[in-house]
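Scroll down for the structure; my scribbles are underneath it.
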Number of protein chains: 2
Amino acid sequence: MKPGHPDHTDSVNLQHERCRPVHEILSLVGDKWSVLIVRFLGQKTMRFNELRRAIDGISQKMLTTTLRNLERDGFVTRTVYPTIPPRVEYTLTDLGRELLVPVAALAKWVDINRERIDEARRRFDEQWSEPAVRIPAAPGSAGPRHREQPSRNRHG
Amino acid sequence: MKPGHPDHTDSVNLQHERCRPVHEILSLVGDKWSVLIVRFLGQKTMRFNELRRAIDGISQKMLTTTLRNLERDGFVTRTVYPTIPPRVEYTLTDLGRELLVPVAALAKWVDINRERIDEARRRFDEQWSEPAVRIPAAPGSAGPRHREQPSRNRHG
DNA sequence: CAGGATCCATGCCGATACTG
DNA sequence: CAGTATCGGCATGGATCCTG
């Protein structure tokens with residue numbers, strides 16, 4: 001990565017060196033179950049149905065799929081004991097445990113700021129449920145506004 | 001961890017107090033464009049088409065949708081200047097800027113560990129392209145194995 | 001027990017056409 | 001310029017049935 005001259009490097013950096021990977025990882029663990037599984041495995045090694053029961057709501061298919069992806073990406077190890085009945089254990093790898101650090105940080109941030117987000121949503125949603133438009137209409141001014149009233153609400 | 005009576009508090013904490021929110025936020029900004037937009041706006045206030053041109057690949061619809069969601073969640077501010085032609089500016093809120101911190105941390109982690117993930121994937125994928133199964137078969141042992149050969153590959 | 005295979009609903013996202 | 005409206009493809013995820 002050496003474009004030489006630094007014009008447009010902001011965009012270039014943002015697009016190709018920092019953001020693409022970000023979205024990539026967010027897609028990696030940003031699906032419905034990955035983080036949940038990783039955090040459970042962060043506590044202890046677990047078997048398939050043990051995870052299944054623990055997670056509550058996950059289907060067998062999604063548990064399999066998600067575990068397979070996590071294994072592929074190097075976050076969990078799958079160990080088969082060829083007994084009867086079979087026994088399969090899933091464990092976090094070092095990489096998985098390390099991933100847990102920034103993910104936990106993000107989790108903590110969400111925990112802390114959840115209320116602010118919810119409040120922002122309430123304010124936003126209230127705009128649409130209000131009866132009509134009221135614009136103070138300062139005489140002659142053309143200052144910035146903040147949304148008027150669209151033809152339709154986007155949530156029903 | 002706590003040998004007393006463990007109540008099942010582990011699972012409960014994981015499910016309701018920590019992980020659901022995590023997935024929630026990951027869904028929030030874990031979509032295809034949110035992080036990219038947030039990081040662009042982290043550099044400066046931008047107008048609609050300015051963002052559109054900067055991001056390269058985003059459709060007008062997705063830019064609108066993603067911006068609307070970010071606004072709803074309180075991460076960006078939308079300001080309309082009722083001029084002709086219209087002028088709409090998007091800015092990160094304080095909340096948005098704060099979100100950038102843990103997200104940037106995650107981004108950094110990915111940057112650093114990208115190679116390890118890629119290598120894990122290569123190793124994983126190679127298993128499927130190998131011609132046949134070879135199990136050392138330690139005499140009489142029934143130790144753990146690591147995947148044999150399924151009927152089909154999942155990325156065929 | 002630990003999955004594989006299949007069918008199907010939903011939602012994300014892109015492409016296109018049109019508006020104030 | 002900054003959107004809205006609409007259609008359709010494709011991936012995600014759930015439910016069900018079946019196997020070793």
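Here is the naming used below: chain letters follow the sequence lines, and residue numbers restart at 1 for every chain. This is a predicted model, so every value here is computed, not measured.
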### Rounded distance (Å) that lies between atom P of D:dA2 and atom CD of B:Glu50
9 Å

### Message
What is the distance, to the nearest angstrom, from the CE atom on A:Met46 to the C1' atom on C:dA2?
### Response
15 Å

### Message
With heavy-atom distances below 4.5 Å as the criterion, would you say the side chains of A:Phe75 and B:Ile117 are in contact?
### Response
yes

### Among D:dG3, C:dG3, D:dC1, the nucleotide that comes nearest once only the side chain of B:Pro85 is considered
D:dC1

Are any protein N/O atoms closer than 3.5 Å to N/O atoms in nucleotides 13-15 of chain D? If there are, list each pair with its distance.
residue : atom : partner : partner atom : Å
D:dG13  : OP1  : A:Lys32 : N            : 3.1
D:dG13  : N7   : A:Lys61 : NZ           : 3.4
D:dG13  : O6   : A:Lys61 : NZ           : 3.4
D:dG14  : OP1  : A:Lys32 : NZ           : 2.8
D:dG14  : OP2  : A:Trp33 : NE1          : 3.2
D:dG14  : O6   : A:Lys61 : NZ           : 2.2

### Message
Strictly below 4.0 Å: does A:Arg68 bring a side-chain N or O up to OP1 or OP2 of C:dG4?
### Response
yes

### Query
Who pairs with A:Asp118 by salt bridge (charged side-chain N to carboxylate O under 4.0 Å, His left out), at least two apart in sequence or on another chain?
none

### Query
For B:Glu89 and D:dC1, what is the distance between atoms CD and C1' respectively, to the nearest whole Å?
13 Å

### Rounded distance in Å - CG (B:Leu51) to P (D:dA2)
10 Å

### Message
Would the distance check show the side chain of B:Asn113 and the main-chain N or O of B:Arg116 forming a donor-acceptor pair, the cut-off being under 3.5 Å?
### Response
no

### Task
Give a yes/no answer on whether the side chain of A:Arg47 brings an N or O atom under 4.0 Å of OP1 or OP2 in C:dC1.
no

### Query
Taking 4.0 angstrom as the limit, do B:Arg97 and B:Asp94 come out as a salt bridge?
yes

### Message
If I take atom CG from residue B:Leu41 and atom CG from residue B:Leu51, how far apart are they, to the nearest 0.5 angstrom?
### Response
5.0 Å

### Task
In whole angstrom, give the distance that lies between atom OH of B:Tyr81 and atom P of D:dA2.
12 Å

### Message
Less than 4.5 Å apart, side chain to side chain, heavy atoms only: is that true for A:Arg47 and A:Arg52?
### Response
no

### Gap between atoms CZ and C1', on A:Phe48 and C:dA2 respectively (whole Å)
6 Å

### Task
To the nearest Å, give me how far apart CD1 (B:Ile84) and C1' (D:dA2) are.
13 Å

## Note on the structure
Between the CE atom in A:Met62 and the OG atom in A:Ser34, the distance rounded to the nearest 0.5 Å is 8.0 Å

### Task
Figure out the CG/P separation between B:Asn69 and D:dG3, and round it to whole Å.
14 Å

### Query
Toward the 5' end of DNA chain D, which comes first, A:Arg52 or B:Gln60, by nearest nucleotide?
B:Gln60

#### Entry: Residue-phosphate contact under 4.0 Å: B:Tyr90 side-chain N/O, D:dG3 OP1/OP2
yes

### Query
Of the candidate nucleotides C:dA2, D:dT4, C:dG3, which contains the atom at the shortest distance from the side chain of B:Thr64?
D:dT4

### Phosphate-side-chain proximity, A:Arg87 and C:dA2, N/O vs OP1/OP2 below 4.0 Å
no

